[in-house]
Amino acid sequence: MENNEKIVLQKIDEMQDEIVKFHQQIVQIPSENPPSKYKEVAKFTENKMKELGLKTQIKRNNVIGELNISQGKTLIFNGHYDTVEAFKNWTKDPFGGEIIDGKIYGRGASDDKSSVTAEIFATKALLNAKINLNGTLILTAVGDEETGGLRGAEYLLSEGLVKGDACLLGDASPDYPFGYTGGTMYITFTIKGKQAHGLGFPDLPAPYRNEHSGINTIERMVKIMNFLLELKKEFLKKESKYPLSDSRRSSVSSVNLAEIHGGNKITTVPDKCYLHCSINTIPEQDIESVKKRILDFVEDFKRQDPDLDISVQIPISMEPFTIDDKTDFAKAVKKATMGVFKEERDFKLMMPSCDAHWFQERNIETIIIGSSRADNNVHSSDEFVYIEDLINTTKLFALTALNYLK
Ligand SMILES: [Zn+2]
(Lines give C-alpha, C1' and ligand atoms only; values in the text may rest on other atoms or scores of the structure.)
Protein backbone atom coordinates (compact mmCIF):
# COMPACT_ATOMS: atom_id res chain seq x y z
CA MET A 1 0.00 0.00 0.00
CA GLU A 2 1.23 3.47 -0.83
CA ASN A 3 2.23 5.72 2.00
CA ASN A 4 -0.46 8.31 1.24
CA GLU A 5 -3.14 5.63 1.42
CA LYS A 6 -1.85 4.51 4.79
CA ILE A 7 -1.90 8.06 6.13
CA VAL A 8 -5.50 8.66 4.97
CA LEU A 9 -6.75 5.36 6.39
CA GLN A 10 -5.04 6.11 9.67
CA LYS A 11 -6.67 9.55 9.83
CA ILE A 12 -10.08 7.93 9.40
CA ASP A 13 -9.40 5.36 12.11
CA GLU A 14 -8.31 8.16 14.45
CA MET A 15 -11.56 10.05 13.72
CA GLN A 16 -13.85 7.12 14.40
CA ASP A 17 -15.44 8.61 17.54
CA GLU A 18 -16.02 11.92 15.78
CA ILE A 19 -17.56 10.16 12.75
CA VAL A 20 -19.89 8.14 14.97
CA LYS A 21 -20.92 11.25 16.94
CA PHE A 22 -21.68 13.22 13.79
CA HIS A 23 -23.65 10.30 12.41
CA GLN A 24 -25.75 10.04 15.58
CA GLN A 25 -26.50 13.75 15.30
CA ILE A 26 -27.54 13.66 11.64
CA VAL A 27 -29.78 10.66 12.36
CA GLN A 28 -31.38 12.63 15.21
CA ILE A 29 -32.61 15.26 12.75
CA PRO A 30 -35.81 13.97 11.10
CA SER A 31 -35.78 14.32 7.32
CA GLU A 32 -38.57 12.03 6.27
CA ASN A 33 -39.85 12.11 2.73
CA PRO A 34 -42.72 12.92 2.91
CA PRO A 35 -43.20 15.55 4.40
CA SER A 36 -39.78 16.57 3.04
CA LYS A 37 -38.84 19.16 5.67
CA TYR A 38 -35.13 19.33 5.03
CA LYS A 39 -34.07 22.79 6.25
CA GLU A 40 -32.50 21.66 9.49
CA VAL A 41 -30.62 18.65 8.11
CA ALA A 42 -29.37 20.73 5.17
CA LYS A 43 -28.08 23.47 7.48
CA PHE A 44 -26.44 20.91 9.77
CA THR A 45 -24.68 19.29 6.81
CA GLU A 46 -23.62 22.62 5.35
CA ASN A 47 -22.17 23.77 8.67
CA LYS A 48 -19.94 20.71 8.82
CA MET A 49 -18.76 21.28 5.24
CA LYS A 50 -18.03 24.92 6.10
CA GLU A 51 -16.02 23.83 9.09
CA LEU A 52 -13.80 21.88 6.68
CA GLY A 53 -13.25 25.04 4.66
CA LEU A 54 -15.36 24.05 1.67
CA LYS A 55 -17.14 26.64 -0.44
CA THR A 56 -20.77 25.80 0.22
CA GLN A 57 -24.22 26.62 -1.04
CA ILE A 58 -27.73 25.32 -0.40
CA LYS A 59 -30.12 25.15 -3.32
CA ARG A 60 -33.67 24.01 -2.64
CA ASN A 61 -32.32 22.38 0.52
CA ASN A 62 -29.69 20.43 -1.41
CA VAL A 63 -26.18 21.02 -0.09
CA ILE A 64 -23.13 21.51 -2.29
CA GLY A 65 -19.60 21.79 -0.93
CA GLU A 66 -16.69 22.48 -3.22
CA LEU A 67 -12.98 21.96 -2.76
CA ASN A 68 -11.29 23.52 -5.73
CA ILE A 69 -7.65 22.57 -5.62
CA SER A 70 -6.35 23.10 -9.13
CA GLN A 71 -7.16 22.68 -12.80
CA GLY A 72 -7.99 19.11 -13.68
CA LYS A 73 -10.70 16.55 -13.26
CA THR A 74 -13.77 17.00 -11.11
CA LEU A 75 -14.93 14.23 -8.84
CA ILE A 76 -18.39 14.38 -7.29
CA PHE A 77 -19.35 12.63 -4.06
CA ASN A 78 -23.07 12.11 -3.53
CA GLY A 79 -25.32 10.87 -0.75
CA HIS A 80 -28.99 11.52 0.06
CA TYR A 81 -30.18 12.63 3.47
CA ASP A 82 -33.91 12.24 2.88
CA THR A 83 -35.35 9.04 4.31
CA VAL A 84 -38.56 7.12 4.02
CA GLU A 85 -41.00 7.75 6.89
CA ALA A 86 -40.22 6.24 10.28
CA PHE A 87 -43.40 4.10 10.11
CA LYS A 88 -44.47 2.08 13.16
CA ASN A 89 -43.28 -0.84 15.24
CA TRP A 90 -39.83 0.42 16.24
CA THR A 91 -38.33 -0.97 19.43
CA LYS A 92 -35.71 1.84 19.32
CA ASP A 93 -36.23 5.58 18.92
CA PRO A 94 -36.15 6.17 15.13
CA PHE A 95 -34.51 9.54 15.82
CA GLY A 96 -32.37 8.45 18.75
CA GLY A 97 -29.12 7.51 17.05
CA GLU A 98 -28.66 4.93 19.80
CA ILE A 99 -25.53 2.74 19.72
CA ILE A 100 -25.91 -0.94 20.56
CA ASP A 101 -23.33 -3.65 19.79
CA GLY A 102 -21.41 -1.75 17.13
CA LYS A 103 -24.57 -0.53 15.39
CA ILE A 104 -26.12 2.93 15.17
CA TYR A 105 -29.93 2.84 15.11
CA GLY A 106 -32.32 5.29 13.49
CA ARG A 107 -34.25 6.09 10.33
CA GLY A 108 -31.68 6.85 7.65
CA ALA A 109 -28.79 5.48 9.74
CA SER A 110 -28.08 3.19 6.83
CA ASP A 111 -30.12 4.54 3.88
CA ASP A 112 -28.60 6.94 3.25
CA LYS A 113 -27.26 9.30 5.85
CA SER A 114 -24.33 6.90 6.21
CA SER A 115 -23.14 8.10 2.80
CA VAL A 116 -23.51 11.76 3.76
CA THR A 117 -21.44 11.20 6.88
CA ALA A 118 -18.91 9.15 4.93
CA GLU A 119 -18.33 11.68 2.14
CA ILE A 120 -17.81 14.50 4.65
CA PHE A 121 -15.32 12.62 6.80
CA ALA A 122 -13.50 11.21 3.78
CA THR A 123 -12.89 14.81 2.75
CA LYS A 124 -11.83 15.73 6.25
CA ALA A 125 -9.33 12.88 6.30
CA LEU A 126 -7.83 13.99 2.96
CA LEU A 127 -7.50 17.54 4.27
CA ASN A 128 -6.00 16.44 7.58
CA ALA A 129 -3.52 14.23 5.77
CA LYS A 130 -2.32 17.30 3.84
CA ILE A 131 -1.93 15.36 0.60
CA ASN A 132 -1.61 17.29 -2.63
CA LEU A 133 -4.56 16.48 -4.86
CA ASN A 134 -5.30 17.88 -8.29
CA GLY A 135 -8.64 19.01 -9.69
CA THR A 136 -11.88 19.61 -7.87
CA LEU A 137 -13.84 17.63 -5.34
CA ILE A 138 -17.55 18.37 -5.04
CA LEU A 139 -19.64 17.04 -2.18
CA THR A 140 -23.39 16.83 -2.65
CA ALA A 141 -25.94 15.90 0.01
CA VAL A 142 -29.41 15.83 -1.49
CA GLY A 143 -33.06 15.30 -0.67
CA ASP A 144 -35.86 13.76 -2.68
CA GLU A 145 -34.04 10.54 -3.64
CA GLU A 146 -36.72 8.39 -2.06
CA THR A 147 -39.32 9.90 -4.37
CA GLY A 148 -37.30 9.90 -7.57
CA GLY A 149 -34.73 12.68 -7.19
CA LEU A 150 -36.34 15.31 -9.42
CA ARG A 151 -35.94 18.04 -6.76
CA GLY A 152 -32.64 16.63 -5.52
CA ALA A 153 -29.80 15.33 -7.68
CA GLU A 154 -31.69 15.91 -10.94
CA TYR A 155 -32.35 19.53 -10.01
CA LEU A 156 -28.69 20.25 -9.19
CA LEU A 157 -27.55 18.71 -12.47
CA SER A 158 -30.21 20.18 -14.73
CA GLU A 159 -29.60 23.66 -13.32
CA GLY A 160 -25.88 23.27 -13.97
CA LEU A 161 -25.13 23.76 -10.27
CA VAL A 162 -23.08 20.57 -10.24
CA LYS A 163 -20.84 19.39 -13.06
CA GLY A 164 -18.14 16.79 -13.08
CA ASP A 165 -16.25 14.00 -14.81
CA ALA A 166 -17.00 11.22 -12.36
CA CYS A 167 -19.29 10.54 -9.44
CA LEU A 168 -18.86 8.21 -6.51
CA LEU A 169 -22.38 7.78 -5.24
CA GLY A 170 -23.11 6.29 -1.86
CA ASP A 171 -26.41 4.36 -1.81
CA ALA A 172 -25.79 0.64 -2.00
CA SER A 173 -24.65 -2.36 0.00
CA PRO A 174 -21.06 -2.58 1.27
CA ASP A 175 -18.19 -4.85 0.22
CA TYR A 176 -18.41 -4.24 -3.53
CA PRO A 177 -18.55 -1.30 -5.90
CA PHE A 178 -21.54 -1.31 -8.25
CA GLY A 179 -20.74 -0.44 -11.85
CA TYR A 180 -23.75 -1.94 -13.60
CA THR A 181 -27.23 -0.61 -12.98
CA GLY A 182 -30.57 -1.68 -14.35
CA GLY A 183 -33.19 0.59 -15.88
CA THR A 184 -36.22 2.00 -14.10
CA MET A 185 -39.61 3.21 -15.12
CA TYR A 186 -42.51 4.54 -13.05
CA ILE A 187 -45.79 4.37 -14.92
CA THR A 188 -49.28 5.48 -13.93
CA PHE A 189 -52.47 4.45 -15.72
CA THR A 190 -55.61 6.50 -15.22
CA ILE A 191 -58.91 5.18 -16.53
CA LYS A 192 -62.03 7.31 -16.52
CA GLY A 193 -65.45 5.73 -16.98
CA LYS A 194 -69.03 6.39 -16.12
CA GLN A 195 -70.72 5.87 -12.78
CA ALA A 196 -74.07 4.03 -12.75
CA HIS A 197 -76.11 1.69 -10.60
CA GLY A 198 -74.13 -1.52 -10.40
CA LEU A 199 -77.18 -3.77 -10.32
CA GLY A 200 -79.67 -2.13 -12.65
CA PHE A 201 -77.34 -1.11 -15.38
CA PRO A 202 -74.41 -3.46 -15.57
CA ASP A 203 -71.52 -2.67 -17.80
CA LEU A 204 -73.00 -4.13 -20.93
CA PRO A 205 -71.02 -4.35 -24.10
CA ALA A 206 -72.28 -2.62 -27.23
CA PRO A 207 -74.88 -2.92 -28.79
CA TYR A 208 -76.79 -3.60 -25.54
CA ARG A 209 -75.45 -0.57 -23.73
CA ASN A 210 -77.62 2.47 -23.23
CA GLU A 211 -77.09 5.93 -21.75
CA HIS A 212 -77.79 4.55 -18.27
CA SER A 213 -75.13 1.85 -18.35
CA GLY A 214 -71.90 2.62 -16.62
CA ILE A 215 -68.41 2.26 -17.96
CA ASN A 216 -66.52 0.09 -15.52
CA THR A 217 -62.96 1.32 -15.00
CA ILE A 218 -61.82 -1.49 -12.70
CA GLU A 219 -62.74 -4.17 -15.24
CA ARG A 220 -60.67 -2.31 -17.79
CA MET A 221 -57.76 -1.89 -15.43
CA VAL A 222 -57.74 -5.65 -14.87
CA LYS A 223 -56.82 -6.06 -18.54
CA ILE A 224 -53.91 -3.67 -18.11
CA MET A 225 -52.79 -5.55 -15.01
CA ASN A 226 -53.01 -8.91 -16.76
CA PHE A 227 -50.82 -7.59 -19.52
CA LEU A 228 -48.27 -6.33 -16.97
CA LEU A 229 -48.29 -9.68 -15.17
CA GLU A 230 -47.64 -11.47 -18.47
CA LEU A 231 -44.70 -9.12 -18.98
CA LYS A 232 -43.47 -9.99 -15.50
CA LYS A 233 -43.67 -13.71 -16.29
CA GLU A 234 -41.71 -13.18 -19.48
CA PHE A 235 -39.02 -11.17 -17.61
CA LEU A 236 -38.42 -14.12 -15.28
CA LYS A 237 -37.05 -16.11 -18.21
CA LYS A 238 -34.15 -13.78 -18.93
CA GLU A 239 -31.33 -13.60 -16.40
CA SER A 240 -28.67 -10.94 -16.42
CA LYS A 241 -25.09 -11.98 -17.12
CA TYR A 242 -23.67 -9.25 -14.87
CA PRO A 243 -22.20 -10.38 -11.55
CA LEU A 244 -24.35 -10.08 -8.42
CA SER A 245 -23.28 -9.25 -4.89
CA ASP A 246 -24.44 -11.35 -1.95
CA SER A 247 -26.96 -8.81 -0.77
CA ARG A 248 -28.37 -7.88 -4.18
CA ARG A 249 -29.49 -11.24 -5.49
CA SER A 250 -32.04 -10.44 -8.15
CA SER A 251 -30.89 -10.98 -11.71
CA VAL A 252 -34.15 -10.55 -13.62
CA SER A 253 -36.27 -7.58 -14.61
CA SER A 254 -39.34 -7.03 -12.48
CA VAL A 255 -42.78 -5.49 -12.66
CA ASN A 256 -44.31 -4.22 -9.43
CA LEU A 257 -48.03 -3.43 -9.39
CA ALA A 258 -47.55 -0.97 -6.57
CA GLU A 259 -50.69 0.97 -5.84
CA ILE A 260 -54.27 0.93 -7.02
CA HIS A 261 -57.28 3.12 -6.32
CA GLY A 262 -60.74 2.84 -7.77
CA GLY A 263 -64.45 2.72 -7.10
CA ASN A 264 -66.44 4.09 -4.19
CA LYS A 265 -69.38 1.83 -3.40
CA ILE A 266 -70.23 -1.85 -3.71
CA THR A 267 -73.47 -1.13 -5.58
CA THR A 268 -71.95 1.29 -8.07
CA VAL A 269 -70.07 0.99 -11.35
CA PRO A 270 -66.67 2.61 -10.64
CA ASP A 271 -65.97 5.66 -12.77
CA LYS A 272 -62.29 6.07 -11.92
CA CYS A 273 -59.32 3.81 -11.47
CA TYR A 274 -55.60 4.57 -11.05
CA LEU A 275 -52.72 2.15 -11.11
CA HIS A 276 -49.13 2.97 -10.21
CA CYS A 277 -46.54 0.51 -11.37
CA SER A 278 -42.75 0.42 -11.13
CA ILE A 279 -40.56 -1.56 -13.48
CA ASN A 280 -36.88 -2.40 -13.00
CA THR A 281 -34.90 -3.92 -15.82
CA ILE A 282 -31.59 -5.73 -16.09
CA PRO A 283 -28.83 -3.96 -18.09
CA GLU A 284 -29.51 -6.22 -21.08
CA GLN A 285 -33.03 -4.84 -21.44
CA ASP A 286 -33.63 -1.27 -22.48
CA ILE A 287 -36.45 0.71 -20.95
CA GLU A 288 -37.46 2.30 -24.25
CA SER A 289 -38.55 -1.06 -25.71
CA VAL A 290 -40.53 -1.96 -22.57
CA LYS A 291 -42.23 1.42 -22.75
CA LYS A 292 -43.09 0.87 -26.40
CA ARG A 293 -44.65 -2.52 -25.71
CA ILE A 294 -46.86 -1.13 -22.98
CA LEU A 295 -47.96 1.87 -25.02
CA ASP A 296 -48.65 -0.36 -28.05
CA PHE A 297 -50.81 -2.57 -25.87
CA VAL A 298 -52.75 0.44 -24.62
CA GLU A 299 -53.29 1.72 -28.18
CA ASP A 300 -54.52 -1.69 -29.24
CA PHE A 301 -56.86 -1.89 -26.27
CA LYS A 302 -58.28 1.53 -27.18
CA ARG A 303 -59.00 0.37 -30.70
CA GLN A 304 -60.86 -2.68 -29.40
CA ASP A 305 -62.80 -0.76 -26.77
CA PRO A 306 -64.18 2.61 -27.89
CA ASP A 307 -65.42 3.33 -24.33
CA LEU A 308 -61.90 3.17 -22.94
CA ASP A 309 -60.75 6.56 -21.71
CA ILE A 310 -57.20 5.94 -20.54
CA SER A 311 -54.15 8.13 -20.02
CA VAL A 312 -50.64 6.98 -19.28
CA GLN A 313 -48.01 8.98 -17.43
CA ILE A 314 -44.36 8.03 -17.18
CA PRO A 315 -42.78 10.47 -14.71
CA ILE A 316 -39.53 8.52 -14.44
CA SER A 317 -37.80 6.55 -17.13
CA MET A 318 -34.13 5.71 -16.90
CA GLU A 319 -32.08 3.44 -19.10
CA PRO A 320 -29.62 0.86 -17.68
CA PHE A 321 -25.97 1.76 -17.41
CA THR A 322 -22.77 -0.29 -17.49
CA ILE A 323 -19.34 1.02 -16.69
CA ASP A 324 -16.18 0.47 -18.70
CA ASP A 325 -13.88 -1.01 -16.08
CA LYS A 326 -10.72 0.18 -17.84
CA THR A 327 -11.21 3.91 -17.27
CA ASP A 328 -9.12 5.93 -14.80
CA PHE A 329 -12.11 6.32 -12.53
CA ALA A 330 -12.98 2.62 -12.53
CA LYS A 331 -9.35 1.83 -11.75
CA ALA A 332 -9.31 4.42 -8.96
CA VAL A 333 -12.34 2.79 -7.31
CA LYS A 334 -10.94 -0.71 -7.66
CA LYS A 335 -7.66 0.37 -6.14
CA ALA A 336 -9.65 1.88 -3.26
CA THR A 337 -11.31 -1.50 -2.60
CA MET A 338 -7.84 -3.01 -2.44
CA GLY A 339 -6.84 -0.42 0.17
CA VAL A 340 -9.91 -1.04 2.33
CA PHE A 341 -10.50 -4.79 1.94
CA LYS A 342 -6.91 -5.91 1.20
CA GLU A 343 -8.12 -7.46 -2.04
CA GLU A 344 -9.43 -6.01 -5.26
CA ARG A 345 -13.20 -6.25 -5.58
CA ASP A 346 -14.94 -6.40 -8.94
CA PHE A 347 -17.93 -4.36 -10.00
CA LYS A 348 -21.36 -5.84 -9.38
CA LEU A 349 -24.88 -5.34 -10.68
CA MET A 350 -27.34 -3.19 -8.79
CA MET A 351 -31.00 -3.46 -9.73
CA PRO A 352 -32.93 -1.02 -7.55
CA SER A 353 -32.76 2.49 -8.83
CA CYS A 354 -31.13 5.40 -7.05
CA ASP A 355 -29.86 8.85 -8.01
CA ALA A 356 -27.03 7.33 -10.10
CA HIS A 357 -29.08 7.58 -13.29
CA TRP A 358 -29.21 11.36 -13.12
CA PHE A 359 -25.42 11.51 -13.27
CA GLN A 360 -25.05 8.72 -15.83
CA GLU A 361 -27.54 10.39 -18.17
CA ARG A 362 -25.19 13.36 -18.35
CA ASN A 363 -22.19 11.21 -19.17
CA ILE A 364 -20.76 11.53 -15.69
CA GLU A 365 -19.11 8.20 -15.03
CA THR A 366 -20.81 6.87 -11.91
CA ILE A 367 -20.00 4.07 -9.50
CA ILE A 368 -22.09 3.23 -6.46
CA ILE A 369 -20.86 2.17 -3.04
CA GLY A 370 -22.57 2.20 0.35
CA SER A 371 -23.23 0.81 3.81
CA SER A 372 -26.69 -0.73 3.49
CA ARG A 373 -26.61 -4.44 4.20
CA ALA A 374 -29.61 -6.71 3.65
CA ASP A 375 -30.08 -7.04 7.42
CA ASN A 376 -30.06 -3.28 8.10
CA ASN A 377 -33.90 -3.01 8.11
CA VAL A 378 -33.78 -0.31 5.48
CA HIS A 379 -37.31 1.08 4.79
CA SER A 380 -38.51 -1.00 7.75
CA SER A 381 -38.50 -0.63 11.56
CA ASP A 382 -35.28 -0.59 13.64
CA GLU A 383 -33.03 0.51 10.79
CA PHE A 384 -29.35 0.54 11.72
CA VAL A 385 -25.88 0.75 10.23
CA TYR A 386 -22.84 -1.22 11.35
CA ILE A 387 -20.17 1.24 12.49
CA GLU A 388 -17.62 -0.86 10.63
CA ASP A 389 -19.51 -0.39 7.34
CA LEU A 390 -19.80 3.35 7.97
CA ILE A 391 -16.04 3.58 8.46
CA ASN A 392 -15.28 1.41 5.41
CA THR A 393 -17.53 3.56 3.23
CA THR A 394 -15.67 6.64 4.48
CA LYS A 395 -12.41 4.95 3.50
CA LEU A 396 -13.70 4.07 0.02
CA PHE A 397 -14.72 7.67 -0.62
CA ALA A 398 -11.35 8.96 0.59
CA LEU A 399 -9.14 6.50 -1.28
CA THR A 400 -11.10 6.92 -4.51
CA ALA A 401 -10.51 10.69 -4.41
CA LEU A 402 -6.86 10.10 -3.57
CA ASN A 403 -6.43 7.76 -6.54
CA TYR A 404 -8.50 9.73 -9.04
CA LEU A 405 -7.48 13.33 -8.28
CA LYS A 406 -3.78 12.63 -8.62
ZN1 LIG B 1 -31.12 5.28 -0.60
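Order of appearance sets the numbers: ligands from 1, and atoms from 1 within every ligand.
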- Who passes ring pair (Phe, Tyr, Trp, His ring centres under 6.0 Å) against Tyr176, sequence neighbours left out?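 Tyr176 satisfies ring pair (Phe, Tyr, Trp, His ring centres under 6.0 Å) with no other residue.
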
Scan the side chains in residues 313-322 for donor-acceptor partners under 3.5 Å anywhere in the protein, sequence neighbours excluded, and list what turns up.
| unit_1 | atom_1 | unit_2 | atom_2 | d |
| --- | --- | --- | --- | --- |
| Ser317 | OG | Lys291 | NZ | 3.3 |
| Glu319 | OE1 | Ile287 | N | 2.7 |
| Glu319 | OE2 | Glu288 | N | 2.9 |

So, [X] and the Zn ion (ligand 1): N/O/S under 2.8 Å, yes or no?
X	value
His80	yes
Asp111	yes
Asp171	yes

- Message: Distance alone, cut at 3.5 Å: any donor-acceptor contact between the side chains of Thr400 and Asn403?
- Response: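 Their side chains do not contain a donor-acceptor pair, so the 3.5 Å distance test is not met.
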
- Message: Checking Glu146 against Thr83: is there a side-chain donor and acceptor pair closer than 3.5 Å?
- Response: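 Not at all, the side chains of Thr83 and Glu146 share no donor-acceptor pair under 3.5 Å.
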
